[in-house]
Amino acid sequence: MTLEIAAFWAFAVTLVGAGLAVVLGKNLFHSVLFLALALIATAGIFLTLDAEFIAAVQVLLYAGGVITLVVFGIVVTERLVGEKLSHVSRHVAAGGLVAAALAALLVRAISHVPLATTKPGLAGDLTRQMGTSLLTRFTLPFELLAVLLLIGLLGASYFARPED
Amino acid sequence: MGLQAYLTLAAVVFCIGLFGTVTRRNTIGILLGIELMLNAVNINLVAFSRFRGDDTGMVFTLFAICITVAEVALGLAIVILLFRTRRSATADHIDWLKG
């Protein structure tokens, strides 16, 4: 139990710190690497919630796939324009005010609602339950997702096709 | 840890992502902010799912992660396309509706 609390706090602090570095950093490439750290810390948060499969998917797809894509995107665009991309912020005060106000509202709302403080015991293997759900209750969305990925692949390669 | 801790963490991360999305001028920077926001929502989904003892939220998170990957691929393709036509990645420069 204490290990779980320590792990939660370690991952939470890493996640918030890396998130702040993503939005406040001056270097776009460093922002992407901090986003990778934030995504891996999120995978750790999923582990404290006993969702091992989602943590693995998070690391493989998100931290692996998305970060690789973004790095490729930066490299290709910097090549196209031939100079370093500018990575500055504007309206920092207004944006900070909006974000802080929303955070205050959400945290206040969350603290006023009676919420569960302990997790229910696991009825069995969560990964097994998810696999069963995916191929019984959620078969149609699962198949539609495959079609969506195909459409995304075709669309992305159409948009980024070589100029003719 | 109680559900409240997870929801608070997700709310804070969401607001950090929102801050990045509204303040960044670079389109890739905006995309990174959106990633943070989506990530915070996934934490909420998994936390509610675990505390309710129902795996629907986790299945939904899987779908959300897959859709995010497709979204990033398309978003970056659009950024590259904008670079070709406009030579700029600054969102404020992209304010025209026809090609």
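Values in this document were obtained by computation on a predicted structure and should not be read as measured data. Residue numbers begin at 1 in each chain, while the letters A, B, ... track the order of the sequences.
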Co-membership, hydrophobic cluster, residues Leu37(A) and Val71(A), 4.5 Å side-chain: yes
hydrophobic_cluster_shared for Phe48(B) and Ile65(B), side chain cutoff 4.5 Å: yes
Region of Ala40(B) in contact with chain A, defined by heavy-atom distances below 4.5 Å: neither
Residue Ile110(A) versus chain B: region with a heavy atom under 4.5 Å: both
Chain B contact via Ser31(A) - which portion, at a heavy-atom distance below 4.5 Å: both
Closest contact, heavy atoms only, Pro120(A) versus Gly53(B): CG-N, 4.0 Å
Mutual orientation of the aromatic rings belonging to Phe142(A) and Phe63(B) [parallel < 30°, tilted 30-60°, perpendicular > 60°]: tilted
Best-contacting candidate, Gly131(A), Pro141(A), Ala94(A), Ser157(A), against chain B by heavy atom pairs under 4.5 angstrom: Pro141(A)
Exam field: side chain Arg24(B) to backbone Arg90(A), donor-acceptor pair closer than 3.5 Å: no
Part of Ser111(A) within contact of chain B (heavy atom distance under 4.5 Å): both
Most contacts with chain A, counted as non-hydrogen pairs under 4.5 angstrom, among Val79(B), Val72(B), Val46(B), Leu81(B): Val46(B)
Single hit among Leu36(B), Leu31(B), Asn39(B) for side-chain contact (heavy atoms from CB on, under 4.5 Å) with Leu35(A): Leu36(B)
Heavy-atom contact with chain B under 4.5 Å, split by part of Leu61(A): both
Which atoms of Leu24(A) approach chain B - backbone, side chain, both or neither, heavy atom under 4.5 Å: both
Structural part of Leu69(A) lying under 4.5 Å from a heavy atom of chain B: both
pair Phe34(A)-Leu32(B): side-chain heavy atoms closer than 4.5 Å: no
Aromatic ring proximity Phe60(B)/Phe138(A), centre distance under 6.0 Å: no
pair Leu126(A)-Arg50(B): side-chain heavy atoms closer than 4.5 Å: yes
Shortest non-hydrogen contact between Ala12(A) and Leu9(B), atoms and distance: CB-CD1, 3.7 Å
Among the listed options Ala70(B), Ala73(B), Gly17(B), the residue most often paired with chain A at heavy-atom distances under 4.5 Å: Ala73(B)
Ile30(B) reachable from Leu102(A) in the ILVMFWY side-chain graph, under 4.5 Å edges: no
Atom group of Leu39(A) that falls short of 4.5 Å from chain B, counting heavy atoms: both
Exercise: identify the closest heavy-atom pair between Gly29(B) and Leu28(A): N-CD1, 4.2 Å
Chain A interface, residue from Ile78(B), Leu82(B), Thr56(B) that has the most non-hydrogen pairs under 4.5 Å: Thr56(B)
hydrophobic_cluster_shared for Leu60(A) and Tyr62(A), side chain cutoff 4.5 Å: no
Min side-chain heavy-atom separation Leu76(B)-Phe72(A) under 4.5 Å: no
Contact check, side chains of Ile54(A) and Asn42(B), non-hydrogen atoms, under 4.5 Å: no
Which of Ala116(A), Ala103(A), Gly65(A), Gly152(A) touches chain B most, by non-hydrogen pairs under 4.5 Å: Ala116(A)
Greatest number of heavy atom pairs closer than 4.5 Å to chain A - which of Leu18(B), Ile43(B), Val13(B): Ile43(B)
Contacting region of Phe14(B) [heavy-atom separation from chain A under 4.5 Å]: side chain
hydrophobic_cluster_shared for Val107(A) and Leu7(B), side chain cutoff 4.5 Å: no
Name of the residue among Thr117(A), Val113(A), Leu115(A) meeting side-chain contact (heavy atoms from CB on, under 4.5 Å) with Leu3(B): Leu115(A)
From Thr127(A) atom OG1 to Met58(B) atom CE, the distance as rounded to the nearest 0.5 Å: 9.0 Å
Heavy-atom side-chain proximity of Thr23(B) to Val23(A) below 4.5 angstrom: no
Side-chain touch Phe51(B)/Leu49(A), heavy atoms, less than 4.5 angstrom: yes
Min side-chain heavy-atom separation Phe19(B)-Val98(A) under 4.5 Å: no
Partner chain B: residue of Ile151(A), Thr118(A), Leu105(A), Leu149(A) with the largest heavy-atom pair count (under 4.5 Å): Thr118(A)
Part of Val32(A) within contact of chain B (heavy atom distance under 4.5 Å): both
Among the listed options Leu153(A), Val57(A), Leu145(A), the residue most often paired with chain B at heavy-atom distances under 4.5 Å: Leu145(A)
Point-to-point distance, once rounded to the nearest 0.5 Å, from OG1 of Thr68(B) to CD of Gln58(A): 9.0 Å
Segment of Thr132(A) engaging chain B (4.5 angstrom heavy-atom cut-off): neither
